[in-house]
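Heads up: numbering here begins at 1 and tracks the sequence.
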Amino acid sequence: MRYVFGAAALILTMLVSGCSSDYVMATREGKMIMTQGKPEIDEETGLVKYTDRSGHELQINSDEISSIVER
């Protein structure tokens, strides 16, 4: 019985942690931006929408981003 609860807790932990991947965006100026969740690129406006570590939703021009990497 103890193993069933342990396995269920492990699976739940893996599911919760898998949903909240952090990303790092590098700008052309060399600045590193840490995000919560995957940044979204809006093809119409050319802006990258992301949530910073404080929970604020921000946008940056996609021309200023050199790379986006999952942490």
**Q** Report, one line per pair, each donor and acceptor closer than 3.5 Å where one atom sits in a side chain of residues 61-71; sequence neighbours left out.
**A**
residue, atom, partner, partner atom, Å
Asn61, OD1, Asp63, N, 3.1
Ser62, OG, Gly46, O, 2.8
Ser66, OG, Ala26, O, 3.0
Glu70, OE2, Ser21, OG, 2.9

**Q** Looking at every non-hydrogen atom in both residues, tell me the closest pair between Met25 and Pro39 and how far apart they are.
**A** SD-CG, 3.8 Å
**Q** Under 4.5 Å between side-chain heavy atoms, counting indirect links through other Ile/Leu/Val/Met/Phe/Trp/Tyr residues: same cluster for Leu58 and Tyr23 or not?
**A** yes
**Q** If the condition is salt bridge (Lys or Arg N to Asp or Glu O under 4.0 Å), which residues does Lys31 pass it with, not counting sequence neighbours?
**A** none
**Q** Which heavy atom of Arg53 sits nearest to which heavy atom of Gln36, and what is that distance?
**A** O-NE2, 3.1 Å
**Q** Do Ile60 and Ile33 have side-chain heavy atoms sitting under 4.5 Å apart?
**A** yes
**Q** Identify whether Tyr50 and Ile41 are in the same connected component of the hydrophobic contact network (ILVMFWY, side-chain heavy atoms under 4.5 Å).
**A** yes
**Q** Would a distance-only check, ignoring hydrogens and angles, find a side-chain to backbone donor-acceptor pair under 3.5 Å from Thr35 to Gly37?
**A** yes
**Q** Could you state the interatomic distance from CD (Glu40) to CG (Leu47), rounded to the nearest 0.5 Å?
**A** 12.0 Å
**Q** State the CG-CE distance between Asp22 and Met34, to the nearest 0.5 angstrom.
**A** 6.5 Å
**Q** Quick check on Arg28: does its CZ atom have over 12 non-hydrogen neighbours (other residues, nucleotides or ligands) under 6.0 Å away?
**A** yes
